[in-house]
Amino acid sequence: MKAVSVPRSILNEMKTHARETYPDECCGFLIGGLPPSELESTRGISTLVRAQNEFDGERRRRFLIRPEELRDMERRTEREGRAILGFYHSHPDHPARPSLFDQEHAWPWYAYIVLSVTATDVPEVGAFELDADSSTFHSLPLEVVPTAAPSPGVAGG
Amino acid sequence: MPKATVKVPTPLRPLAGGVSEVALEGSTVGAVIRTLAADNPALQRHLFTAEGKLRNFVTVYLNDEDIRYLAREATPVKEGDIVSIVPAVAGGAPNSAREGRSSAKLVGIEPTVQETFSREELRRYSRHLLLPEVGVAGQRRLRQAKVLLVGAGGLGSPTALYLAAAGVGEIGLVDFDAVDLSNLQRQVLYTTADVGRPKLAAAKERLEALNPGTRVVPYEERLSSENALEILRSYDIVVDGTDNFPTRYLVNDASVLLGKPNVYGSIYRFEGQVSVFDAKRGPCYRCLYPEPPPPDLVPSCAEAGVLGVLPGLVGVLQATETVKLILGKGEPLIGRLLLFDALGVTFRELKLRKNPHCALCSADATQKGLIDYPAFCGVPAPGAAPKTGSVPEVEPEELATELRSADPPLLVDVREPEEWAIAHLPGAHLIPKAELPERVDELTRARALVLYCRAGTRSADATRLLLDLGFSNVRTLRGGINAWAEKVDPSLPQY
């Protein structure tokens with residue numbers, strides 16, 4: 001089934017990142033093994049890598065991962081036979097749903113996890129994917145699995 | 001003109017024929033990228049704005065240099081250069097609370113019951129909701145699940161009924177047959193009143209009556225190499241309820257190529273087999289059977305007969321495995337082949353291993369797409385002239401005339417004794433097809449022979465055999481005893 005599967009420990013890391021960065025937006029990479037054959041089935045996230053929010057301006061409402069950082073990450077993961085499966089970012093004091101800005105700047109296939117974060121809490125988490133025709137986001141089932149798979153390699157960042 | 005290698009980023013590969021890089025000619029970076037987009041029109045909107053400009057959030061590198069710091073799209077390309085397309089990723093919170101509300105549906109991790117199910121649904125699924133392994137979260141997964149059943153016959157009937165009852169959100173059905181009276185002995189989706197109707201119309205009605213919350217999508221066509229990937233693509237799980245080898249290999253191959261689990265079931269007389277082929281986690285059908293059996297070795301239900309309850313049992317096991325896969329609970333039959341024998345009432349389990357050299361699902365797979373399955377299995381293509389065309393035939397009416405003549409041909413019935421007991425032609429000699437090679441001495445080469453079976457397939461094979469053994473005056477009755485009953489002697493039953 002098409003879904004995103006995230007170990008609870010990684011979900012917690014995402015929440016911690018969102019709270020630490022509040023009131024700015026946080027962002028990062030979701031890394032895992034590439035599903036065999038066709039590029040569409042459950043994305044099993046095995047590693048989270050924090051990214052720098054490079055948005056030049058109001059970082060409370062925007063984030064940007066620079067292409068250089070993305071290209072380097074693609075190379076690193078490719079060397080290890082893994083791939084960037086998607087990205088996460090936070091919406092400080094806003095719901096965990098994609099904004100129009102998210103939609104305009106999203107790519108198909110990647111999984112986008114959005115965390116709603118307040119000063120005290122992360123009340124909502126949602127997972128989304130852009131439709132192939134880029135017209136809209138649809139929600140992806142987010143499966144929280146109990147234990148993280150061993151994640152050698154690109155942890156940290 | 002110089003040729004450059006263009007590196008396609010992961011999210012755009014499905015739109016670029018699945019490749020990670022492609023060699024293209026062009027004198028500038030812009031020309032190379034525009035050729036890529038022209039070759040793969042689906043890429044256009046992701047790379048260029050409506051005005052035809054490279055999108056802001058697409059970064060292009062020539063070797064290791066961002067082309068914005070070179071001559072942008074006009075940057076010249078040399079032979080062997082590497083052009084990398086890299087997406088920049090950006091996003092942010094909604095501009096207003098209103099925008100947030102109008103966006104996509106929220107997916108909370110733990111939705112409340114009220115958000116998810118109506119009062120009526122809670123009642124309908126209450127026995128599921130009581131199970132800790134299902135509960136509200138599991139029932140929601142069932143509702144989000146999309147399952148494709150290939151074949152709405154003996155296996156597909158019970159599977160479809162139980163999946164609809166369980167609350168599976170979408171059931172796709174592939175079949176192109178009409179309901180025949182002889183189906184009702186095992187195909188419990190249909191009633192006597194449905195005889196003659198297209199199966200899918202009857203099935204949709206029955207399943208939606210059982211559970212209006214289940215969407216039934218009919219595909220009234222033969223699954224083929226041309227349509228299989230398209231049909232399977234939008235489903236989460238594929239259930240194989242086919243009755244022939246070409247379709248079985250096709251279902252397996254398409255499932256592996258698309259990365260979908262394939263819940264396999266098959267039946268033969270009193271024996272059933274069930275397994276889950278999920279190439280990501282275990283073997284596929286080709287790991288088990290790299291080559292199909294010779295076309296004549298395994299007869300269909302129509303030829304061999306089947307205990308009516310058997311597909312019920314196997315289909316329900318397939319439904320059980322499907323529900324478990326959706327819920328992510330229990331131990332699926334991955335890497336295990338379950339064998340059931342109804343006569344002895346025994347279940348046996350065989351361990352299946354992934355074939356490290358599987359042509360389809362191993363690391364060194366050689367098969368990257370769908371193939372010609374009828375040719376692979378050595379059977380005529382669907383819709384092509386039947387095999388009987390290659391041996392001399394006689395029409396029922398023609399045979400009736402010959403039998404009244406002074407020198408009538410000898411009739412040879414190549415069916416099984418059980419079939420002989422249902423009906424046979426007067427004066428015929430019974431030699432089941434399998435015994436023919438040993439009992440060929442019972443036949444004289446001096447007399448004209450006409451072979452028949454139920455519908456003409458087995459007798460055509462037997463005719464071919466006799467011709468190969470040197471018989472010259474031998475023909476097969478076209479359409480078998482069923483055609484004879486239809487055209488010559490309506491007092492005989494058809495079966």
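Per chain, numbering begins at 1; letters A, B, ... match sequence-line order.
No side-chain donor-acceptor contact under 3.5 Å links B:Asp253 and B:Tyr285.
Only the side chain of A:Glu78 comes within less than 4.5 Å of a heavy atom in chain B; its backbone stays farther off. Within the 4.5 angstrom heavy-atom criterion, only side-chain atoms of B:Tyr61, from C-beta onward, approach chain A. Heavy atoms of B:Leu12 lying under 4.5 Å from chain A belong exclusively to its side chain.
The aromatic rings of A:Tyr112 and A:Phe87 are tilted relative to each other, their planes meeting at an angle between 30° and 60°.
Taking the six-membered ring where the residue is Trp, the centroids of A:His17 and A:Tyr88 are separated by under 6.0 Å.
A donor-acceptor pair under 3.5 Å is formed between the side chain of A:Ser90 and the backbone N or O of A:Cys26.
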